[in-house]
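Report on the structure given below.
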There are 2 protein chains.
Amino acid sequence: MSVNQREIGRHTLLSEIRRQQPIARINLSERTGISRATVTTITAELLKEGLIEEVASAPSDKDARRGRPTVDLKIRGEAHLIAGAKISNLAISLVLMDFEGKQVAEHELALDKTVFDTDALAIVLGDSLAALTGKIGRHVTDVSGFGLGIAGIVDASQGFVHWSPSLDRRNVELARLLEQHLSIPVFVDNDANLVAIAEQAFGRGQGYSDFIVVTIESGVGMGIVIGNELYRGTRGCGAEFGHTKVHLDGALCRCGQRGCLEAYVADYALLREANIAGSADGAPQVEALLEDARRGDPVAKSIADRAGRMFAMGLANLVNIFDPELIILAGAQMQSSHLYAEEVIEAIRGSIVQIDKAPPEVVIHKWGNTMWALGAAAYALDNVSERALAGMAAHA
Amino acid sequence: MSVNQREIGRHTLLSEIRRQQPIARINLSERTGISRATVTTITAELLKEGLIEEVASAPSDKDARRGRPTVDLKIRGEAHLIAGAKISNLAISLVLMDFEGKQVAEHELALDKTVFDTDALAIVLGDSLAALTGKIGRHVTDVSGFGLGIAGIVDASQGFVHWSPSLDRRNVELARLLEQHLSIPVFVDNDANLVAIAEQAFGRGQGYSDFIVVTIESGVGMGIVIGNELYRGTRGCGAEFGHTKVHLDGALCRCGQRGCLEAYVADYALLREANIAGSADGAPQVEALLEDARRGDPVAKSIADRAGRMFAMGLANLVNIFDPELIILAGAQMQSSHLYAEEVIEAIRGSIVQIDKAPPEVVIHKWGNTMWALGAAAYALDNVSERALAGMAAHA
DNA sequence: GCATTAAATTTGAAAATCAAATTAAATTGA
DNA sequence: TCAATTTAATTTGATTTTCAAATTTAATGC
């Protein structure tokens, strides 16, 4: 067997500590089914390796309890420094976190262009990482892993970008290129996937094994978590929720096809219908349109309503296909509020197959710009964790 | 750890033998990464238990090879007898297979009604099983596992039927009830899931880890296989492809909602549009309508065409969401040929997100009535296998 | 300060894996 | 025909790993 038993044990315990920390050895033994003796042995290894640390148990536990007190274990934050970044339209946002997942710094950078060649991108990212790490007096080479989120079609396992709106050419071995330039391990994934990872690790997806995250920015994205694992599809282009068809021969989409959901709910679609020519940043115009709708302007209201109903229909289809525990509507922008309205969620409930059991939860999660970068960092954190454990076996 | 290492080894080897049989020990060692020594030990156990058997290697391998010849291993068919059944509208079809998965008998039974109370169903199934096993001179109690496919909302892990069109009441512990009546282990699942299992085990899904099966009978069903595992959703009601919405406020569906795919492609939908009152079995009328369409009748053609385009749109959405390797369009009935047409498949290709990689394969698999029952048996086979291995640990 | 309690560790036995050595069963060639 | 060769399968013995039970540790209660 390629993965030996001890490695499985180490992985199980480290994951459990991460999820439940702080937690005592005896509780780890109960939760994982690994004997106390083995928990002692393995946690000793992890302590020696510096991946976890002992902390005094919370006083609330200690009070009025006889016997030897428990000693809690937790992830040792200082074990590794992890960076994450998201390339947006005209900006890069970065976060730095410790091995515990605590954010320790962030950085934002405006870009002067939307499309980069890889060398220029590497330089920009290198400079940004230097600035980011500099904020806490550290250096880029102190970073154990760097996660990068980028729009487009990405093969995450290879760090290979088939196509991205942010790159000037196709089929780039982006992770390898950046690793050469930055001299630290780099992990690349599609940005929508990273939001799903962020929700799983830090957000509303905590504790759920099967859920869907739908993101609304300029386009409509989606991430799928099945059995606690991100599902990426077989060609790396699944989860194109924005391009599911909601109308036969419907409205024309940016992608050239007709009837895509995006062609009904995206900014440009709303402006087009209202007969307003969109500019580079149409956000204020969209905001105005939606404000009109709220005030009762019949044309604006009709446009916003239809977008909401189309959106609900798309989401109901997701539920009918996947039957997830939870749907998270995630986004940073406020202008999509018409899609987050109670009527929309009600419409979803009315469009799914009815059974005795309760329908899936739908929650709205509005967050700041760093969420994307946090997801990228969480992805890197997973990978760094994995490598740290694999490394232990080697020099054991 | 609750599952010990030896059990994992046994499971790995038995599965590998099932997939690759006949196969020699040395090849098992290479494929699984388990050492030759351990393969010898574990296969000896499996041989002793009677789950596998040795067979002479194929002569083609033997020719012109020096050294000690390999001894192939294969599943021992006589180890267990497995039954599977599918309850259709007015019939039950059953198959009997050996532990190798080879069909050894089949039986078909017409029903005089579509809805049963559980006691009556148990009696009918008991009689059918007796007739089925009688065909090869065996008895019901010789059967190690009985898989049953039934339409509706089923919690397969509990053998619990939330609702089924074939049962006169909701919330039935069907597996437990049938086990009491038949005195053999019973496993129940939704019929669409079972087709996916059948395709995986015996059909076009062999060798694929991520694929979708769409079935067309009176309704439209779907089964999803992700990572070699059937995905059942969290409430047991996922994969309701027939009730995904393809039109906002569209045609009225049997389920009471509007715009469901089924309301455009099912038999009753076609007849309704053609303004023909449907009877209990509308198949001949549908057949006539489609024949008219083929002959060029404009009304009939328009109806059939729209059904095909709606169907393509629904399938394209599946691809955009899942990005599977393969889509299998499976069905027994010929009257759905307009949905299997080349134009439909072309329309799917035109509606999915375009990337450099090839789109997923779409294959059409027309099969006889036993496919459902075969899937039920395959599901039972999985479970019996599992139990046989678990049993070994107990009395080892 | 001694009994009690409960966590953590240590100990020693049992289980399981694997590399290396051995045995088994064939072919090749003299 | 029989030794040499080749390759599969098994056996052997060392090593790893786990776990139950015994022991130790560190607290509270009286």
Side-chain angles (χ1 to χ4, degrees), chain A residues 1-13 17 20 22-48 52-73 389 392-396, chain B residues 1-13 17 20 22-48 52-73 389 392-396:
Chain A
M1 213 143 286
S2 56
V3 177
N4 64 31
Q5 190 128 6
R6 177 51 62 95
E7 224 163 310
I8 297 174
R10 278 196 283 253
H11 196 274
T12 308
L13 288 176
I17 294 171
Q20 305 290 339
I23 181 172
R25 281 171 249 255
I26 190 160
N27 300 320
L28 282 172
S29 172
E30 280 162 12
R31 287 179 158 276
T32 60
I34 297 171
S35 74
R36 293 176 184 193
T38 306
V39 168
T40 293
T41 315
I42 292 180
T43 52
E45 282 179 11
L46 295 174
L47 279 165
K48 193 172 158 208
I52 61 174
E53 61 190 353
E54 293 189 334
V55 289
S57 291
S60 62
D61 288 353
K62 237 193 296 193
D63 284 344
R65 296 187 67 229
R66 302 171 58 133
R68 180 174 174 172
T70 58
V71 179
D72 279 349
L73 299 170
L389 288 175
M392 286 177 67
H395 63 73
Chain B
M1 212 143 286
S2 56
V3 177
N4 65 30
Q5 190 130 6
R6 176 51 62 94
E7 224 163 310
I8 297 173
R10 278 196 282 252
H11 196 274
T12 309
L13 288 177
I17 293 171
Q20 305 289 339
I23 181 172
R25 280 171 250 255
I26 190 162
N27 300 319
L28 283 173
S29 171
E30 280 163 11
R31 287 180 158 276
T32 61
I34 297 172
S35 74
R36 294 175 185 193
T38 307
V39 169
T40 292
T41 315
I42 292 180
T43 53
E45 283 179 11
L46 295 174
L47 279 166
K48 192 172 158 208
I52 61 173
E53 60 190 352
E54 294 189 333
V55 289
S57 291
S60 61
D61 288 353
K62 238 193 293 191
D63 284 344
R65 296 187 68 229
R66 302 171 59 133
R68 179 174 174 171
T70 58
V71 179
D72 280 348
L73 299 170
L389 288 174
M392 287 177 67
H395 63 73

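Since the structure is predicted, the reported quantities are computational estimates derived from the model, not experimental observations. A, B, ... follow the sequence lines: proteins, then strands. Residue 1 opens every chain. Side chains included, hydrogens not; waters and symmetry mates left out as well; all remaining heavy atoms used.
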Those residues that, when tested against A:Glu45, pass salt bridge (Lys or Arg N to Asp or Glu O under 4.0 Å) (two or more places apart): A:Arg6, A:Arg10
Test side chain to side chain contact (heavy atoms under 4.5 Å, CB included) applied to A:Leu46 and A:Leu389, step by step: CA-CA 9 Å; A:Leu46 295 174; A:Leu389 288 175; 4.0 Å; yes
Whole-Å gap separating C1' (C:dA16) and CZ (B:Arg6): 6 Å
B:Arg25 CZ - D:dT7 C1' separation (whole Å): 14 Å
Any donor-acceptor pair under 3.5 Å from B:Thr70 side chain to B:Asp72 backbone: no
Interatomic distance where CD1 belongs to B:Ile34 and C1' belongs to C:dA19 [whole Å]: 16 Å
Among D:dA20, C:dT17, C:dA6, the one nearest A:Arg68 by side-chain distance: C:dA6
Within residues 26-44 of chain A or reaching into it, pairs that qualify as salt bridge (Lys or Arg N to Asp or Glu O under 4.0 Å) - sequence neighbours excluded: A:Glu16-A:Arg31
Between D:dT18 (P) and B:Glu7 (CD): distance, integer Å: 16 Å
Set of side-chain hydrogen bond (donor to acceptor under 3.5 Å, both in side chains) partners for A:Gln20, sequence neighbours left out: none
Phosphate OP1/OP2 of C:dA15 contacted by B:Asn4 side-chain N/O (<4.0 Å): no
Length of the line joining B:Leu13:CG and C:dA16:P, which is rounded to integer Å: 14 Å
Separation of atom CG in B:Asp72 from atom P in D:dA8, rounded to whole Å: 12 Å
Rounded to 10 degrees, the angle between the two terminal axes of the helix from C:dG1-D:dC30 to C:dA30-D:dT1, each from five pairs: 10°
Pairing residues for B:Ser29 by the side-chain hydrogen bond (donor to acceptor under 3.5 Å, both in side chains) criterion, not counting sequence neighbours: none
B:Thr12 versus B:Thr32, closest heavy-atom pair with distance: CG2-CG2, 3.9 Å
Euclidean distance, atom CG of residue B:Leu28 to atom C1' of D:dT10 [Å, nearest integer]: 15 Å
Any donor-acceptor N/O pair under 3.5 Å between C:dT4 base and A:Arg66 side chain: yes
Close residues, residues 36-44 of chain B, relative to DNA chain C [heavy-atom separation under 4.0 Å]: B:Ala37, B:Thr38
Donor on one side chain, acceptor on other, B:Arg25 and B:Thr40, under 3.5 Å: no
Rounded distance in Å - CG (A:Leu73) to P (C:dA7): 14 Å
Residue pair B:Thr41 / B:Thr38, side-chain donor-acceptor N/O under 3.5 Å: no
